[in-house]
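Okay, structure first, notes after.
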Amino acid sequence: MPGTERLLLEEHPHHLMRKSRKGERVFQNEADYRHCYGQIRQLKQRYKLDLMAWSILPDRIHLLIRPTQKIKHISAFMKALSCRATLRQRYLRQRGSPWEEGFRASPVEPGQWLLATMCYIERLPAMEGLATSAFQYRHSSYRMRLGKSDRYWLDDPEEYARLGDSIEERALAYRTYMKEALDPGDLETIHDAIHRNLLTGSPRFVQEVYKKFNVVARKRGPGRPRKNDDDGFDGFEPIPPKA
């Protein structure tokens, strides 16, 4: 687990990731995937969470979730989801827990950063070569968002609802956004944020949140993190206060 602590924010959307150790494959077949998103649907109702996007990859799970009641429900949800996947592995394959220690979380700034994070999660399988397009990958929320599923159980945020007056209008606008409006630099920022437990958003949002929670921040260089590189500005990295 990276050396940064998680920061969970009341009433904010959160990009969450549960990752296996050393890329170990967790989901082996269609039944594994179906079991996982069945548990996601059940548990998000139990813990009163809005689920805005999800993607299940062979070695990890990405979710975009907003708590509607208690912030601690995020941790309870992730623990329960991980335990149920582990129990299935143990029962079917006599394997122990495949997960790395703890889950990763990135609070997301509402607005364009929320839409960009939705797109990142749903485009991730195609970006990693698991499918030729986001639409062709069946283990994410993208096909459901486009109305290609029998059931629609996503909790659309206001940012998405404003894209159109109907499911069809919103889906068309979102598909265009997926193809044309995503900036590669924003995708890189989202990638870094979830892998390092950072905030996803503008520099102003990051500064305000860290100041509010008394978290020290330091500048770092552009691109993916490098050791001993504090030149330039590309956001902030939290340094947990001393115990």
Note to self: So Leu130 and Pro58, do their side chains get closer than 4.5 Å, heavy atoms only?
What the structure shows: yes

Notebook entry, point to check: When hydrophobic residues are tied together by side-chain contacts of less than 4.5 Å, even through go-betweens, does Trp153 share a cluster with Tyr174?
Noted result: yes

Next item on the list: State, with a plain yes or no, whether a side-chain heavy atom of Ile121 is found less than 4.5 Å away from one of His15.
Entry: yes

Next item on the list: Could you go through the side chain to side chain contact (heavy atoms under 4.5 Å, CB included) check for Tyr120 and Met127 one step at a time?
Entry: CA-CA 9 Å; Tyr120 173 88; Met127 289 191 292; 4.0 Å; yes

Checklist line | For the student: nearest non-hydrogen atoms of Ile40 and Phe77, plus distance | finding: O-CE1, 3.9 Å

Margin query: What I want to find out is whether Arg60 reaches Glu128 closely enough, with some N-O distance under 4.0 Å, to be called a salt bridge.
Written below: yes

Checklist line | hydrophobic_cluster_shared for Leu172 and Tyr177, side chain cutoff 4.5 Å | finding: no

Notebook entry, point to check: Mind checking what makes side chain to side chain contact (heavy atoms under 4.5 Å, CB included) contact with Glu109, not counting sequence neighbours?
Noted result: Trp113, Ser202, Phe205

Note to self: Under 4.5 Å between side-chain heavy atoms, counting indirect links through other Ile/Leu/Val/Met/Phe/Trp/Tyr residues: same cluster for Ile167 and Phe135 or not?
What the structure shows: no

Next item on the list: State which residue, out of Arg34, Arg41, His35, fulfils the side-chain contact (heavy atoms from CB on, under 4.5 Å) condition with Tyr37.
Entry: Arg34

Item checked: Those residues that, when tested against Glu208, pass side chain to side chain donor-acceptor pair (under 3.5 Å) (two or more places apart) -> Arg204

Checklist line | For Asn197 against Arg6, the heavy-atom pair lying closest together | finding: OD1-CG, 3.7 Å

Margin query: Is the shortest side-chain heavy-atom distance between Ser133 and Arg123 below 4.5 Å?
Written below: no

Notebook entry, point to check: Would you call Leu63 and His14 a side-chain contact if the rule is heavy atoms closer than 4.5 Å?
Noted result: no

Notebook entry, point to check: Hey, mind stepping through Glu122 and Ser55 against side chain to side chain donor-acceptor pair (under 3.5 Å) and telling me if it holds?
Noted result: CA-CA 6 Å; Glu122 293 179 342; Ser55 187; over 6 Å; no

Notebook entry, point to check: Got a donor-acceptor contact below 3.5 angstrom from the His191 side chain to the Leu187 backbone?
Noted result: no

Item checked: His195 and Arg104: CA distance, side-chain angles, deciding distance, side chain to side chain contact (heavy atoms under 4.5 Å, CB included) verdict -> CA-CA 7 Å; His195 281 82; Arg104 307 190 194 193; 4.0 Å; yes

Checklist line | Inter-residue atom distance Arg145.CZ - Met178.CE, 0.5 Å rounding | finding: 8.5 Å

Check: Is any side-chain heavy atom of Phe103 less than 4.5 Å from a side-chain heavy atom of Ser75?
Finding: yes

Check: So do the side chains of Ser140 and His62 get within less than 4.5 Å of each other, counting heavy atoms only?
Finding: no

Next item on the list: Supply the atom-to-atom distance Arg84 CZ to Lys79 NZ, rounded to the nearest 0.5 angstrom.
Entry: 13.0 Å

Notebook entry, point to check: What distance separates Lys48 NZ from His73 NE2, expressed to the nearest 0.5 Å?
Noted result: 9.0 Å

Next item on the list: Would you check if the side chain of Arg25 reaches a backbone N or O of Phe27 as a donor-acceptor pair within less than 3.5 Å?
Entry: yes

Check: How about Tyr142 and Tyr137: are their ring centroids closer than 6.0 Å?
Finding: no

Notebook entry, point to check: Is the Tyr33 ring parallel, tilted or perpendicular to the His139 ring (thresholds 30°, 60°)?
Noted result: parallel

Checklist line | Side chain Ser141, main chain Trp54, donor-acceptor under 3.5 Å | finding: yes

Item checked: salt_bridge(Lys22, Asp59) N-O dist < 4.0 Å -> no

Check: Got a salt bridge between Asp165 and Arg170, using NZ or NE/NH1/NH2 to carboxylate O under 4.0 Å?
Finding: no

Item checked: Criterion salt bridge (charged side-chain N to carboxylate O under 4.0 Å, His left out) on Lys44 and Asp155, from CA distance to verdict -> CA-CA 10 Å; Lys44 76 105 171 174; Asp155 301 296; 2.8 Å; yes

Check: Are Tyr152 and Met52 connected in the hydrophobic side-chain network, where two residues link if heavy atoms are under 4.5 Å apart?
Finding: yes

Check: Rounded to the nearest 0.5 Å, how far apart are CG of Asp156 and CZ of Arg162?
Finding: 12.5 Å

Notebook entry, point to check: Do Arg175 and Leu146 have side-chain heavy atoms sitting under 4.5 Å apart?
Noted result: yes

Next item on the list: Kindly give the heavy-atom pair with the smallest separation between Thr200 and Ile190, and that separation in Å.
Entry: CG2-CG1, 3.9 Å

Checklist line | Heavy atoms from other residues, nucleotides or ligands near CD of Glu30 exceed 12 (cutoff 6.0 Å) | finding: yes

Next item on the list: Any chance you could measure Asp50, atom CG, to Leu154, atom CG, to the nearest 0.5 Å?
Entry: 10.5 Å

Notebook entry, point to check: So do Pro13 and Ile65 actually touch side chain to side chain, heavy atoms under 4.5 Å?
Noted result: no

Margin query: To check you understand the geometry: which heavy-atom pair defines the closest contact between Leu81 and Gln39, and what is its length?
Written below: CD1-CB, 3.9 Å

Notebook entry, point to check: Does the side chain to side chain contact (heavy atoms under 4.5 Å, CB included) test come out yes or no for Glu24 and Trp99, once each step is laid out?
Noted result: CA-CA 8 Å; Glu24 178 181 349; Trp99 307 112; over 6 Å; no

Next item on the list: Show the numbers, then the answer: is there a side chain to side chain contact (heavy atoms under 4.5 Å, CB included) between Leu7 and Val209?
Entry: CA-CA 10 Å; Leu7 180 62; Val209 171; 3.8 Å; yes

Checklist line | Which atom of Arg18 lies closest to which atom of Gly102, heavy atoms considered | finding: NH1-O, 2.9 Å

Next item on the list: For Gly111 and Glu159, work out which heavy atoms get closest and say how close.
Entry: N-OE2, 2.8 Å

Margin query: For the CG atom of Leu16 and the CG atom of Leu49, what is their distance to the nearest 0.5 Å?
Written below: 8.5 Å

